[in-house]
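Letters A, B, ... mirror the listed sequences (proteins, then strands); counts begin at 1. Quick caveat: nothing in here was measured; it's all calculated off a predicted structure.
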Number of protein chains: 2
Amino acid sequence: MKGKATSFDIAHYAGVSQSTVSRALRNSPLVNEETRKRVHDVAKQLNYKVDKNASNLRTQQSSTLALLLFEDPTSDDSQINPFFLAMLGSITRACAKEGYDLLVSFQSASADWQADYEDSHRADGIILLGYGDYIDFQPKFKSLLEQNTKFVCWGATVDNRPDLTVCCDNYGGGKQAAAHFIAHNRSNCAFIGDASDHSPEFFARFQGFKDELLANKVTINERKMANAISTEESGYHATRSLIANNIKFNALFAASDLIAIGAIRALKEANIKVPKDVAVVGFDNIAIASYVNPPLTTIEQNTTVAGQMLVENLLKLIRGEEVQSTLLPPLLIARGSS
Amino acid sequence: MKGKATSFDIAHYAGVSQSTVSRALRNSPLVNEETRKRVHDVAKQLNYKVDKNASNLRTQQSSTLALLLFEDPTSDDSQINPFFLAMLGSITRACAKEGYDLLVSFQSASADWQADYEDSHRADGIILLGYGDYIDFQPKFKSLLEQNTKFVCWGATVDNRPDLTVCCDNYGGGKQAAAHFIAHNRSNCAFIGDASDHSPEFFARFQGFKDELLANKVTINERKMANAISTEESGYHATRSLIANNIKFNALFAASDLIAIGAIRALKEANIKVPKDVAVVGFDNIAIASYVNPPLTTIEQNTTVAGQMLVENLLKLIRGEEVQSTLLPPLLIARGSS
DNA sequence: CCACATTATGACACCGGTGTCATGGTCAAA
DNA sequence: TTTGACCATGACACCGGTGTCATAATGTGG
């Protein structure tokens, strides 16, 4: 063989027309069983593979999904949030299972990424993954919708289109954390995360937490809350500032595991014992969580199911099927930190 | 607009031919500056994006690389080794920087994956990433080479083609671990990993370790070695078996961080103090390493540089340029476990 | 004023498949 | 034998760009 074999080469060697080769290789019922077999054999011998570009061009679809990862712009450049890495892994698997390829790309939230992948026919649909500043995304969502781009979104809600979102029941998770503290007689609670609505996921976690406390006649003092983004560093500093201001508490709910890990470091430094003096609960159940000291009690988001749901829903959208808003149940995993 | 705009639409509105549109959009010097601008404006207005399939088909290249991740078949299905996840992150970044898309795919080592991506013109080249059973891969490597598929490989060497490999200086890393123990007067050493040549990376780490010990007149008893694959579980069990056999040692070199973490768990359970009774050194410097208790001393592999080198070398191969075998220097990071 | 280089553009084949329509052959019913 | 249904296959346009060649317009030197 000089270059790569084409369907014409197969046709030549199999003694049929190129049309028949194309049909045979896709197991069309139109071709005779015997010729089908012959074509397959020749194709195998010549190590022939259908040219995806030609095929995609003709059929106007790509059997490919694009995953856009939005990183917290302030996070360390070299480290990706392990929670997203886990999601990435499960999305990859789900795609493979469905026979789709996955294009992965990192984006800064501000960039002009709308529809780039789908318009250029590189992918049939898009999965958006990221924490945080989703509010800025609404105009972009709108532009995606206008162009009829198929996409699903982790966490953030798209105006008027709950079906495009897959997310964990953050509110319910927050409630579980509160219930856990109440059950262990810790009612002097602090919260570290972002209780504003800048970060809808953190906000929902806090709301659930607060509401469940209230249901048990416990209020959370605003002074016992500190803002943090989802990094260990940020959690560390937020906790230090609480300690520095001489705020007392015996339970700490962190909006993510990384924050919780940073918080524990700060507490240890201040010689505050975990869980004896302060019980700590995180959110996500990242791989690290069970290895830190003490092992972190946390609200698990099931990334395997989440990835599957994202892919499944997106494929439904692509096929024009109905999709329902998807809320995944979180699960409290009790470990040593509480 | 009915469907997506094509270059003919742009041509129509800009009052030029389709050829000129194509040239203008790629900023060919052949088109007049004024028309170039006009075409760009129209394209922007119509939200036009070049159809990658058509473009790729014509130019016979895809501006896409494929990343094949081979998982340790025995490892837990839901958890990917964090080291590879880190690599994945850095490869993604390196691709983006070079203007390439990245197709990610998980493969079992046994599957018939050779050349699939490149033959079908979905990717211009392939990056192979995985631990372990690379020996079975040699025939596959051969088949890739025969088909002139461009690929690079992490860790494993390809027969007679050292230029296709990017890897950490595992041997040197092993030596550093030994030197570290010697410097701290720990000469009763154990090793957990795979000292056979089934796993070339682990093997090299062990060789370096052993040789450096020998250079200091220290030998390592074969009874003080246990096999493990790169999971926490495996490290835990291997260490337990050493302890159960009443093997005594005051230094432990684990072939990977996950193994080391499992080892520490086993040691703790046996009430053996780390680092007081046994100093532990791992390999990789995964994100977890600094959070475990005690923080793990480890030999860092710089994943950022590794990802960059893989991508850079692959692109060189694709462009037909000369590539050199690439050995990355490891770096010992001393923490609390030693 | 003509020959020739230079610049900007258009026409057209081509990449390698897929889908539609036309065609030849076989067979059963009329 | 003719008609029509049915099956297997071939011919060909088409997807939406890119690269080559031809051509028209303009400039430049002798």
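- Checking D/dG17, C/dC15, D/dC15 against every side-chain atom of B/Q60, the shortest atom distance belongs to C/dC15.
- Checking C/dG16, C/dT18, D/dG16 against every side-chain atom of A/A54, the shortest atom distance belongs to C/dG16.
- Counting heavy atoms from C-beta outward, A/L328 and A/N302 have side chains that stay 4.5 Å or more apart.
- The side chain of B/T35 sits closest to C/dT9 out of C/dT9, D/dG17, D/dT9.
- In this structure, B/L30 places its CG atom 11 Å from C1' of D/dT20, rounding to the nearest Å.
- In this structure, A/K49 places its NZ atom 13 Å from P of C/dG17, rounding to the nearest Å.
- Straight-line distance from the NE2 atom of B/H121 to the P atom of D/dG17: 20 Å, rounded to whole Å.
- Residue contacts shown for A/Q18 include a base, since a base heavy atom lies under 4.0 Å away.
- Atoms CZ (A/R122) and P (D/dC15) sit 22 Å apart, rounded to a whole Å.
- Ion pairing of B/R36 with B/E33 is present here, as a side-chain N (NZ or NE/NH1/NH2) and a carboxylate O approach within less than 4.0 Å.
- At whole-Å resolution of the value, CD in B/E33 and P in C/dT7 are 15 Å apart.
- Rounded to an integer number of Å, the gap from A/K4 NZ to C/dC15 P is 17 Å.
- Under 4.0 angstrom from either OP1 or OP2 of D/dT9 there lies no side-chain N or O belonging to A/T20.
- Residue B/R58 has its side chain nearest to D/dT18 when only D/dT18, C/dT18, C/dG16 are considered.
- The shortest distance between the side-chain N/O atoms of A/S55 and the OP1/OP2 oxygens of C/dG17 is not below 4.0 Å.
- The residue among B/P29 and A/T6 whose nearest nucleotide of DNA chain C lies closer to the 5′ end is B/P29.
- Looking only at side-chain heavy atoms (C-beta outward), B/D51 and B/T6 stay at 4.5 Å or farther from each other.
- Across all strands shown, B/S22 has heavy atoms under 4.0 Å from base atoms, whether or not it also approaches the sugar-phosphate.
- Residue A/N160 places its CG atom among 12 or fewer non-hydrogen atoms of other residues, nucleotides or ligands, all under 6.0 Å distant.
- Mapping B/R23 and B/L57 onto DNA chain D by nearest heavy atom places B/L57 closer to the 5' end of the strand.
- Atom CD of B/Q45 sits in a sparse spot, with 12 or fewer heavy atoms from other residues, nucleotides or ligands closer than 6.0 Å.
- Residue contacts for B/S19: at a heavy-atom cut-off of 4.0 Å it reaches a base atom on one of the strands shown.
- A/F141 and A/T157 make their closest contact through CE1-O, 4.1 Å (heavy atoms, listed as atom of the first residue, atom of the second, distance).
- Look at B/R26 and you won't find any side-chain N or O under 4.0 angstrom from OP1 or OP2 of D/dG17.
- Rounded to an integer number of Å, the gap from B/H12 NE2 to C/dG10 P is 14 Å.
- The distance between atom CG of A/N53 and atom C1' of D/dT18, rounded to the nearest whole Å, is 13 Å.
- Residue B/S17 places none of its side-chain N or O atoms closer than 4.0 Å to OP1 or OP2 of C/dT9.
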